[in-house]
Amino acid sequence: MVKLTPELINQSMQFLNPCRERELDLRGYKIPQIENLGATLDQFDTIDLSDNDLRKLDGLPFLSRLKCLLLNNNRILRIGEDLHECVPNLNSVILSGNNLQELGDLEPLSQLQHLETICLLMNPVSTKPYYREYMAYKFPHLRLLDFRKIKQKDRKAAIEFFRSKQGKELLKEIAKKSKQNAAALADSAAKSGGGRFANPEDIRRIREAIKRASSLAEVERLSQILQSGQIPDNFVLEQNGSAANGGSSEIAMEH
């Protein structure tokens with residue numbers, strides 16, 4: 001895992017892509033969060049953050065030039081509410097292979113006035129009923145969804161459906177599920193006595209502890225914490241020098 005530093009940004013590959021746009025390649029570093037992109041000085045049309053370890057699409061500075069974000073194969077399950085203020089001219093966002101759950105969780109993307117291309121393949125949200133209809137309705141400028149064109153007749157049908165009684169009820173249900181999902185994420189560590197979001201050092205230490213775990217149950221417990229991105233309040237790292245643990249570091253829960 002690598003922190004996204006100004007040094008990494010300046011050392012990463014920069015090139016003209018086939019669309020003759022300036023692109024910054026930040027693929028595959030297992031970056032846990034977006035930060036320090038102000039170091040780009042807003043010089044790029046495309047930024048590729050695929051194959052990292054991002055859990056939330058936020059942390060962007062104001063980048064008026066940015067048109068395309070490539071975010072394939074991360075673990076993104078939330079989108080920052082202020083995304084449209086940071087990247088007002090974003091035209092394309094590729095989010096395939098992430099963990100976005102509910103249709104309502106995509107609401108921040110609908111605030112992007114120039115967004116024409118979205119890819120959400122291999123996200124749980126893309127299997128929801130009325131997925132394409134919802135996207136056609138909520139994103140009036142969207143032209144390509146999952147690399148398939150949204151036709152005018154499809155958009156018209158979606159608008160008619162969501163203006164119907166059934167459609168209005170579905171919109172209420174979508175909003176309700178999104179709120180429930182947000183609350184669940186915020187409270188995911190509450191069962192363990194509260195918690196906080198994992199920082200890069202937490203993630204590194206948990207992964208090391210998984211390698212040293214002495215039981216499958218311990219591996220599963222640590223993996224759940226790692227997957228949730230939430231660190232319980234009673235989560236500590238203990239140095240155990242006993243013979244049974246071979247002097248290795250161990251993650252423990254205080255009681």
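Residue indices begin at 1 and follow the sequence shown.
Taking the side chain as every heavy atom from C-beta outward, Arg22 and Asp45 approach each other to under 4.5 Å. The side-chain heavy atoms of Tyr134 and Lys128, taken from C-beta on, include no pair separated by under 4.5 Å. Contact annotation: the side chain of Val93 never approaches that of Thr117 to less than 4.5 Å [non-hydrogen atoms, C-beta and beyond]. Residues Leu37 and Pro61 are in side-chain contact: their nearest non-hydrogen atoms beyond the backbone lie under 4.5 Å apart. Side-chain contact between Ile118 and Met135: present, with at least one pair of heavy atoms (C-beta onward) separated by less than 4.5 Å. Side-chain atoms of Leu103 and Ser178, non-hydrogen and from C-beta on, never get closer than 4.5 Å to each other. Here the side chains of Leu95 and Leu100 are in contact, with some heavy-atom distance below 4.5 Å. Inter-residue side-chain proximity for Leu24 and Gln43 is flagged as unmet; no heavy-atom pair is nearer than 4.5 Å.
Arg132 pairs by the side-chain contact (heavy atoms from CB on, under 4.5 Å) definition with Leu145, Arg148, Ile150, not counting sequence neighbours. The side-chain contact (heavy atoms from CB on, under 4.5 Å) check on Gln111 picks up His84, Glu107, with sequence neighbours excluded.
No donor-acceptor distance shorter than 3.5 angstrom exists from the side chain of Arg65 to the backbone of Asp42, with no hydrogens or angles considered. The closest donor-acceptor contact from the side chain of Ser50 to the backbone of Asn72 lies under 3.5 Å. Within the 3.5 Å criterion, the main-chain N or O of Asp25 finds no donor-acceptor partner in the side chain of Asp48. Looking only at distances, no side-chain donor or acceptor of Asn99 sits under 3.5 Å from a matching main-chain atom of Leu77. Looking at Asn74, its side chain does come within 3.5 Å of a backbone N or O of Asp53 through a donor-acceptor pair. When atom types are taken as modelled, the side chain of Asn52 and the backbone of Leu26 share a donor-acceptor pair closer than 3.5 angstrom. Panel note: side chain Asn17, backbone Arg20; a donor-acceptor pair is recorded below 3.5 Å.
With respect to the salt-bridge test (charged N to carboxylate O, under 4.0 angstrom), the residues Lys67 and Glu21 do not qualify. With respect to the salt-bridge test (charged N to carboxylate O, under 4.0 angstrom), the residues Glu102 and Lys177 do not qualify.
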Problem - Pair Ser92-Leu69, side-chain contact (heavy atoms from CB on, under 4.5 Å): steps then yes or no - result: CA-CA 6 Å; Ser92 175; Leu69 269 174; over 6 Å; no
Problem - Full working for side-chain contact (heavy atoms from CB on, under 4.5 Å) between His141 and Leu115 - result: CA-CA 6 Å; His141 304 293; Leu115 195 59; over 6 Å; no
Handout entry: Evaluation steps, side-chain contact (heavy atoms from CB on, under 4.5 Å), between Leu144 and Glu116
Key = CA-CA 6 Å; Leu144 287 175; Glu116 295 184 348; over 6 Å; no
Exercise for the section: Let me see the working for Asp58 and Gln33 under side-chain contact (heavy atoms from CB on, under 4.5 Å), right down to the final yes or no. Expected result: CA-CA 8 Å; Asp58 72 346; Gln33 64 187 52; 5.9 Å; no
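Annotation: the span from Leu54 atom CG to Asp51 atom CG amounts to 10.5 Å, rounded to 0.5 Å. Separation of atoms CD (Gln113) and OG (Ser110) is listed at 8.5 Å; rounding is to 0.5 Å. For the atom pair CG (Leu112) and CZ (Phe139), the distance works out to 8.0 Å, reported to the nearest 0.5 Å. Rounded to the nearest 0.5 angstrom, Leu90 CG and Cys68 SG are separated by 7.0 Å. Rounded to the nearest 0.5 angstrom, Leu222 CG and Arg205 CZ are separated by 12.0 Å.
Here the closest heavy-atom approach between residue Asn73 and residue Asn98 is recorded as N-ND2, 4.1 Å. Of all heavy-atom pairs spanning Ile34 and Leu4, the tightest one is CA-CD2, 4.3 Å. The heavy-atom pair separating Ile9 from Gln14 by the smallest distance is O-NE2, 3.8 Å.
When hydrophobic side chains of Ile, Leu, Val, Met, Phe, Trp and Tyr are connected at separations under 4.5 Å, Leu41 ends up as a singleton with no cluster partners. Grouping Ile, Leu, Val, Met, Phe, Trp and Tyr by side-chain contacts under 4.5 Å, direct or through others, puts Leu121 with Leu70, Ile94, Phe147.
Under 3.5 Å, the side chains of Tyr131 and Asp146 contain a donor-acceptor pair of N or O atoms. No donor-acceptor contact under 3.5 angstrom links the side chains of Asn89 and Ser64, judged on distance only.
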List the atom pairs, with distances to 0.1 Å, where a side-chain N or O of residues 157-167 and a protein N or O form a donor-acceptor pair under 3.5 Å, not counting sequence neighbours.
{"unit_1": "Ser164", "atom_1": "OG", "unit_2": "Phe161", "atom_2": "O", "d": "2.4"}
{"unit_1": "Ser164", "atom_1": "OG", "unit_2": "Gly167", "atom_2": "N", "d": "3.1"}
{"unit_1": "Gln166", "atom_1": "NE2", "unit_2": "Tyr130", "atom_2": "OH", "d": "3.2"}

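Cluster annotation: Leu49 is connected to Val2 through the hydrophobic network of ILVMFWY side chains, with a link wherever side-chain heavy atoms come within less than 4.5 Å.
For residues 149-159, the set of pairs meeting the salt bridge (Lys or Arg N to Asp or Glu O under 4.0 Å) definition, not counting sequence neighbours, is empty.
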